[in-house]
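First the structure, in the form of structure tokens, and then the observations on it.
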Amino acid sequence: MQPVDQSFPGFSGARVIVTGGTRGIGAGIARGFLRAGGRVLVCARNEPADGARPPVADGRTAAFTRADVRDPDQVRQLIAAGVDLFGGVDVAISNAGGSPPAEAATASPRFHARVIELNLIAPLHVAQGANEVMQDQPEGGSIIMIGSVSGTRPSPGTAAYGAAKAGLHHLVTSLAIEWGPRVRVNTVVPGFVATESSAGHYGDAVGLAAVAATVPLRRMATPDDVADACLFLASPRAAYVSGACLTLHGGGERPAFQTAGQPPSH
């Protein structure tokens, strides 16, 4: 079956904010909404490196503002920038996040606190600011948080990150109840995603291929895959979807016991 190559309906002129939107998954999400006709504001802690432009698609460029979403004051300025640029906010996507690997036994308390702050508390700040604007809009709005399968299964080496992402999934279920019916709140939960920084996580081309081979669909996700999931959740096609986690992992991971004791394949 071939994918349908057409934009989702309802995004012409849509007002969209994507945090961490200058590279990787966030840039892919920004490009997806630009292609669908949306007006997009992206943020990051720093200006795009080496004079790089913000995301571009179909001849349209996202606006950019600096913001560290761990700082509530900067989040308020981010939301205000979106309102100033577009006159409101229809879609807010919390994508900024991540964590370097660290052993839980030896990582400092400050390290753990900062990881949880970025991956759980910061999305709450962004959601609060967006909700305040959306509740006063006749059409309401859609808030989407980018989670991780690290929050649904053990995450050795990134325990604080996995715990924060697990909390994010639960946060969405509560906000959907508190903020409905005007605002819908959902999570996209990616598995392995191939981005420009994948080699730092999975190794060279051989390592990437080995990781992809563990996925039932035999490939890693792309930022465009994540963008399409966000487009669906923000669209009228998902008008009755709120408090949901849309898992995007290509079929998941085979249970380890099924291959225990088997010789490696060549």
Side-chain angles (χ1 to χ4, degrees), residues 2-69 74-75 77-98 118 122-123 126 129-130 133 141-146 188 190 192-201 208 219-238 246 248:
Q2 295 297 317
V4 177
D5 187 14
Q6 63 183 35
S7 296
F8 283 89
F11 290 111
S12 179
R15 303 162 297 186
V16 184
I17 293 176
V18 182
T19 70
T22 59
R23 58 189 177 88
I25 292 173
I29 294 170
R31 288 191 295 267
F33 278 90
L34 288 169
R35 283 192 294 266
R39 295 174 287 169
V40 180
L41 171 65
V42 300
C43 78
R45 281 180 288 174
N46 301 301
E47 298 281 346
D50 301 321
R53 297 172 65 189
V56 177
D58 292 347
R60 305 171 66 241
T61 304
F64 171 81
T65 187
R66 289 183 61 180
D68 184 341
V69 291
Q74 294 188 44
V75 169
Q77 293 168 11
L78 168 65
I79 301 299
V83 173
D84 289 343
L85 279 172
F86 307 139
V89 179
D90 299 310
V91 183
I93 301 174
S94 277
N95 165 74
L118 175 61
V126 174
V133 173
S142 171
I143 296 170
I144 300 170
M145 303 191 186
I146 305 302
V188 174
F192 304 120
V193 182
T195 69
E196 62 268 31
S197 62
S198 293
H201 296 286
L208 291 170
R219 69 174 179 88
M220 298 170 72
T222 68
D224 284 349
D225 290 320
V226 183
D228 285 343
C230 292
L231 283 161
F232 166 68
L233 288 175
S235 78
R237 294 179 183 176
L246 176 53
L248 196 73

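All of these numbers come straight from a predicted model, not from anything done at the bench. Both backbone and side-chain heavy atoms feed into the values below; hydrogens, waters and symmetry mates do not.
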To the nearest 0.5 Å, atom OG1 of T65 lies from atom CD of Q74 at 9.0 Å
Main-chain N/O of R45 paired to R66 side chain as donor or acceptor, under 3.5 Å:
yes
Closest approach of G32 and A227, non-hydrogen atoms and distance?
CA-CB, 4.3 Å
CD1-CG distance between I29 and D224, expressed to the nearest 0.5 angstrom
10.5 Å
Taking all non-hydrogen atoms of both residues into account, name the closest pair between A27 and T22 and its distance.
CB-C, 3.8 Å
Using 0.5 Å steps for rounding, measure from the CD1 atom of I25 to the OG1 atom of T222.
9.5 Å
Nearest-0.5 Å distance that lies between atom CZ in F232 and atom CG in L246:
7.0 Å
Give a yes or no on this: more than 12 heavy atoms of other residues, nucleotides or ligands lie within 6.0 Å of atom CZ of R39.
yes
Can you give me the closest heavy-atom contact between G21 and V42, atom names plus distance?
O-CG1, 3.6 Å
Of all heavy-atom pairs linking G38 and L34, the shortest is O-CD2, 3.7 Å
Judged by atom type as modelled, is there a donor-acceptor pair below 3.5 Å linking the side chain of N95 to the main-chain atoms of G20?
yes
N/O donor-acceptor pair under 3.5 Å between R15 side chain and G82 backbone
no
Mind running side chain to side chain contact (heavy atoms under 4.5 Å, CB included) on F64 and E47 for me, showing each step along the way?
CA-CA 8 Å; F64 171 81; E47 298 281 346; 3.3 Å; yes
Mind listing the closest non-hydrogen atom pair of T19 and S94 along with its distance?
OG1-CA, 3.4 Å
Return the minimal non-hydrogen interatomic distance between P223 and A194, and the atom names on each side.
CD-O, 3.3 Å
Please step through side chain to side chain contact (heavy atoms under 4.5 Å, CB included) for the pair R23 and T195, ending with a clear verdict.
CA-CA 8 Å; R23 58 189 177 88; T195 69; over 6 Å; no
Kindly compute the distance separating CD1 (I146) from CD1 (I93), expressed to the nearest 0.5 Å.
6.0 Å
Determine, stepwise, if the pair R35 / L231 fulfils side chain to side chain contact (heavy atoms under 4.5 Å, CB included).
CA-CA 11 Å; R35 283 192 294 266; L231 283 161; over 6 Å; no
For residues D90 and V16, determine if any side-chain heavy atom of one lies less than 4.5 Å from a side-chain heavy atom of the other.
no
What I'd like to find out is whether the side chain of D225 reaches to under 4.5 Å of the side chain of R219, using heavy atoms alone.
yes
Distance (rounded to the nearest 0.5 Å) between L78 CG and D68 CG:
11.0 Å
